[in-house]
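Working notes, structure below.
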Number of protein chains: 2
Amino acid sequence: MRVSAKAEYACRAVLELTRYHEKAEVIHIGDIAVRQSIPEKYLVQILLQLQRAGLVKSKRGATGGYALARAPGEISLGDVIRAMDGALIAVESLSDDTNVSDQMSGQHVLKNVWMDVQDRLGEIMDGITFDEISRQAQKSLSMYYI
Amino acid sequence: MRVSAKAEYACRAVLELTRYHEKAEVIHIGDIAVRQSIPEKYLVQILLQLQRAGLVKSKRGATGGYALARAPGEISLGDVIRAMDGALIAVESLSDDTNVSDQMSGQHVLKNVWMDVQDRLGEIMDGITFDEISRQAQKSLSMYYI
DNA sequence: TATCATGTTGACTAAATTAGTAAACTAACG
DNA sequence: CGTTAGTTTACTAATTTAGTCAACATGATA
Ligand code: FES
Ligand code: FES
């Protein structure tokens, strides 16, 4: 079960936006790209996808940029993964249509297993918000200042 | 987070072997391949990998074949996924070496998040054994006999 | 011991997906 | 207007996944 670079980039971008959420300002793609070491041209696609999912909002034109569409405490890891991949778990059998012919094979029962795992993974991932992640980041950073 | 075809094939193969576990017999690759619709030549690799992970054992030569190395109740979904992918969650940052330069970026803190998610996903997946999965399969099949 | 049916191994190829790039377009601000 | 920054779509390159092949090793059996 691998997490794509795209999904991790998306998380890092949201994390960066979280830091700027207090000041109600927008931040440029370029700044996010530099600060989080994400290829800028790739980040363009990612931010648009986040925007379509309603996690991020944009302001166009000069003085434009991006900002979170809602509070970091209301954006979860699960939200971001789903925004990128469509679902938390992508597996062949889950996208297939149900058919009776494979009742005998393991396909049907495994499908139920994956759905179960996906639900429970959702509980985990929806419980992790960027508010918390950001605070953890602050905490681990502060160790270096002691 | 996608589950590879290989991993699902592996689960189906183990499920098939589970059915034959009572009778202490081996079953040929070809039979598993046919019954579970898995490309036989591909299944060869998968079974060897399962074997190296200690989940499956083989008997060579004529009358050879495969069997589970331990009881289905002692083989979990997590075991099989780990046997195929090495870890439950594969993400760039988890395989990278730790370095201090990215403390400021989101990489370090996200790494911890992924490890957390992996642990919790492990608890879920290690709790699902092929014994249970197989019983579920029997149950859903029996509905068709009523 | 010959032979045949099986598992073992590693190298190979093809297909699909992912990651990344480019360029033309649109909107906003000054 | 002109400049800055987001939008959209199409394209390419790199990587990974899926699948194949052929030569080899092993064990039962006649
Ligand atoms: S009947 Fe085939 S997946 Fe449910
Ligand atoms: S310091 Fe870079 S991932 Fe932990």
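Below, read A as the first sequence line, B as the second, and so on, with proteins coming before strands; counting in each chain starts at 1.
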query: Which part of the nucleic acid does A:Gln51 contact within heavy-atom distance under 4.0 Å: base, sugar-phosphate only, or nothing?
result: sugar-phosphate
field: Salt-bridge criterion met for A:Arg70 and A:Asp79 (N-O under 4.0 Å)
entry: yes
task: Between A:Glu40 and A:Arg2, just flag the one whose closest nucleotide in DNA chain D comes earlier from the 5' side.
output: A:Glu40
task: Under 4.0 Å between any heavy atoms, over every strand shown, what does A:Gly65 touch: base, sugar-phosphate, or nothing? Just pick one.
output: sugar-phosphate
message: Looking at the base of C:dT26, is there any donor atom on it, or on the side chain of A:Arg60, that sits under 3.5 Å from an acceptor on the other one?
response: yes
field: Straight-line distance of A:Asp126 CG to A:Ser76 OG, nearest 0.5 Å
entry: 4.0 Å
- prompt: Nearest of D:dA28, D:dC21, C:dT21 to any side-chain atom of B:Ala62?
  reply: D:dA28
Short side-chain N/O contact to D:dG19 OP1/OP2 from B:Tyr9, under 4.0 Å: yes
task: Can you figure out which of C:dT18, D:dG6, C:dG20 approaches the side chain of A:Tyr42 most closely?
output: C:dG20
- line: Winner on side-chain proximity to A:Ser58, out of D:dG19, D:dT4, D:dG6, is D:dG6
- request: Report the nucleotide, chosen from C:dA19, D:dT7, D:dA18, that has the shortest atom-to-atom distance to any side-chain atom of A:Val44.
  value: D:dT7
field: Out of D:dT8, C:dT8, C:dT6, whichever nucleotide has its closest atom nearest the side chain of B:Leu48
entry: C:dT8
statement: Among C:dA5, C:dT8, C:dA19, the one nearest any side-chain atom of B:Tyr66 is C:dT8
- request: Determine the contact category for A:Leu47: base if any of its heavy atoms lies under 4.0 Å from a base atom, sugar-phosphate if only primed atoms, P, OP1 or OP2 are that close, otherwise nothing.
  value: nothing
field: Side chain of A:Lys59 - closest among D:dG19, C:dG7, C:dC29
entry: C:dC29
statement: Here the distance between atom P of C:dT8 and atom NZ of B:Lys41, to the nearest Å, is 15 Å
Steps toward side-chain hydrogen bond (donor to acceptor under 3.5 Å, both in side chains) verdict (B:Gln49, B:Lys6): CA-CA 11 Å; B:Gln49 218 167 319; B:Lys6 193 177 185 181; 3.0 Å; yes
Pair of N/O donor and acceptor under 3.5 Å linking C:dT21 base with A:Gln45 side chain: yes
statement: When rounded to the nearest 0.5 Å, the distance separating CD1 of A:Ile38 from CD1 of A:Ile32 is 7.5 Å
